[in-house]
Amino acid sequence: MRQGRTLEAVRTQVGPSIMLLRRIVLPASFFCLLALLGGARLALAQTTTLRFADLPETFHDWLKEQGLLPNAFDQWIAKQNRETAERELRGEYEHLIYFALQSTRFTKLPKIEPALSAREFARSLSEAERSAWLAESSAPLPPCARIPKAAQQRLQEFLKTLRGFTDDERLLYLRQLTSADKRPLNELTARLCQAYAETMRFLYQKEFRVETEELAKLYQTRGHSTDTQIEANFAVQQSLAILKSQQPKLKLNRVLIVGPGLDFAPRTDLLDLFGPQSYQPFAVADALLSLGLADEKQLRVHCVDINERVIAHLQRVSKASARQLSLLSGLADKPALPLTDDYKHYFQTLGDAIGTSAPLAVPPEFAGHLHKRLTLRPELLAKFSAARLNVITERYEPTRQFDLIVVTNVFPYFNDIELLSGLTNLAKMLAHGGCLVHNEPRVTAPAVTQALGLPVLHSRTFLIAAPGAGERSAPLYDFAGIHQKTNQ
């Protein structure tokens, strides 16, 4: 799910009779919590597991109707943790396939658009093979020979690189993921063929098969993604500006970011000119300081994620003596689909409160993308740290620690019960008067907000790019909801 991409309307529900339109932001990424350092220190050492009694009482009967009973809740928690680990691993192999098809780091072969490869793969299968593949039946996946020739060639080049010398950060991680230097070549080839078939199944269903109404369920079972783009932070900054205008004296010094994202290998439009980067922790800090919503001495930004790769990256950043970010918009500013003035102003001023900007050299083909280099002030780096936390099943104790919780492109991966469970944990970690900012319209349903004591302050869409006159391109926008914790 790529942050900041086109949002597709789908119908879904939370609770027995709540139906509303939601928009899926195509990935991105997933959960992150930072262990705090010095200053206004938060007590994050302990975690506690969600209990059935923690869930809002108004939803207990509905939960039982869904088959979730109090005396079996521990088994449900264990099942959630197992499924989370399995979906995380599938997501990592999806990233591997997207990287193998699109990266220019290991081959001069032409890039392959993954969705087009999925369609070509589907067409190569017999009707029986295609039906079994799409049904996720117990039948074996299609053989390697069915993979389109161009994709086979790229996978072969990728395998050679994995088993040879490389100093590329992404390739080094993928070597570790696959144990490429320890596994027999035939076994490794078979595993990559399996990953290709599974990844193409999701893409084929999403792009060419499922109706809009079914898209939500597809995301609720797919592998977890960590991808992100600069664009994903625009709606968050705009939401915080609205908060500032409504409550000028509000202070949001203790921040939790759930799923900060790491731009590793997206489903499409891979930009691997630079090593993996995480933007949201720094973008949120910059927005809070520039708007006067936080005091620099008191500000602490904490990220939680289920992905150890994301956690390790952020922990390295928090311990570094210096840090630069290479900022490159995922979208080009072009006549057919120009970026809005509001978004361009956001990009131009991004980082002014936390560092200094300088020109960034990019290849000619990226000249139409907004770009700059941001050097963070060293004294700010100690304000960031990261730890693993699965917000569906656990939370930090003591509760009521955070003034602000930011969650983007995480909730679409949750079914309704998982969403209610995650929101329950987040609501308990939010201080009285604290705010939740997210981009999942289901969360704004009245039954949910009332039960959790999280009334909606504001919700709207924010335009990132709009088609030029006479153009047929769809506009690109993001949704954001803002909630504030009451005494409940």
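Computed from heavy atoms alone, side chains included, the values below leave out hydrogens, waters and symmetry copies.
Scored by the salt bridge (charged side-chain N to carboxylate O under 4.0 Å, His left out) test, R90 finds E86 as partners (sequence neighbours excluded). Annotation: side-chain contact (heavy atoms from CB on, under 4.5 Å) contacts of E88 (sequence neighbours excluded): I306, N307, R388. Every residue two or more places apart in sequence or in another chain was checked for a salt bridge (charged side-chain N to carboxylate O under 4.0 Å, His left out) with R191, and none qualifies. For E394, the salt bridge (charged side-chain N to carboxylate O under 4.0 Å, His left out) test picks out no residue, with sequence neighbours left out. Partners of K251 under the salt bridge (charged side-chain N to carboxylate O under 4.0 Å, His left out) rule, at least two apart in sequence or in another chain, are D295.
In terms of heavy-atom proximity, T393 sits nearest to N425 at C-ND2, 3.7 Å. Nearest heavy-atom pair across P56 and L452 is CG-CD2, 3.6 Å. Here the closest heavy-atom approach between residue R87 and residue T221 is recorded as NH2-N, 3.7 Å. The nearest pair of heavy atoms linking A465 to T340 is N-CG2, 4.0 Å. Contact record, A285 with I354: C-CG2, 4.2 Å, taken as the closest heavy-atom pair. Among all heavy-atom pairs drawn from L430 and C435, the shortest one is CD1-O, 3.6 Å.
For the pair S278/T228, no side-chain contact is recorded, criterion being any heavy-atom separation below 4.5 Å from C-beta on. Here the side chains of T199 and Y98 are in contact, with some heavy-atom distance below 4.5 Å. M200 is listed as a side-chain neighbour of L101, based on a closest heavy-atom distance under 4.5 Å. Residues Y279 and L350 form no side-chain contact, since every pair of their non-hydrogen atoms from C-beta on lies 4.5 Å or further apart. Residues I230 and S329 have side chains not in contact (no heavy-atom distance under 4.5 Å, counting atoms from C-beta outward). Between E296 and L289 there is a side-chain heavy-atom pair separated by less than 4.5 Å. In this structure the side chain of Y93 never reaches within 4.5 angstrom of the side chain of I97, judged on heavy atoms. Side-chain contact between L457 and Q247 is present, with heavy atoms from C-beta onward closer than 4.5 Å.
Using a distance-only test at 3.5 Å, with no hydrogens or angles considered, a donor-acceptor pair links the side chain of H95 to the main chain of T226. Without hydrogens or angle criteria, D286 side chain to G351 main chain gives a donor-acceptor distance under 3.5 Å.
A side-chain donor-acceptor contact under 3.5 Å links N233 and Q280. Using a 3.5 Å distance cut-off with no hydrogens or angles, the side chains of E92 and Y173 do pair a donor with an acceptor.
Using a cutoff of 4.0 Å between basic side-chain nitrogens and carboxylate oxygens, R395 and D54 are scored as salt-bridged.
For the pair R222 and F202, the cation sits on the ring face: its NZ or CZ lies under 6.0 Å from the ring centre, inside 45° of the axis.
Under the 30°/60° scheme for interplanar angles, the aromatic rings of F384 and F282 are found to be tilted. Taking the six-membered ring where tryptophan is involved, the planes of Y204 and F208 are tilted, since the angle between them lies from 30° to 60°. In this pair, Y343 and F347 present their aromatic rings tilted. The plane angle is within the 30 to 60° band.
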- Task: Dump the intermediate steps for ring-ring contact (aromatic ring centres under 6.0 Å, His included) on W133 and F121, then the final yes or no.
- Result: CA-CA 11 Å; W133 171 60; F121 181 58; 5.2 Å; yes
- Item | Full working for side-chain hydrogen bond (donor to acceptor under 3.5 Å, both in side chains) between T47 and E397 | CA-CA 6 Å; T47 61; E397 292 286 3; over 6 Å; no
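For the atom pair CZ of R309 and NE2 of H313, the computed distance is 10.0 Å after rounding to the nearest 0.5 Å. With rounding to the nearest 0.5 Å, the separation of OG in S239 from CD1 in I482 is 4.0 Å.
Residue pairs meeting the ring-ring contact (aromatic ring centres under 6.0 Å, His included) criterion with at least one member in residues 437-460, sequence neighbours excluded, are H438-H483.
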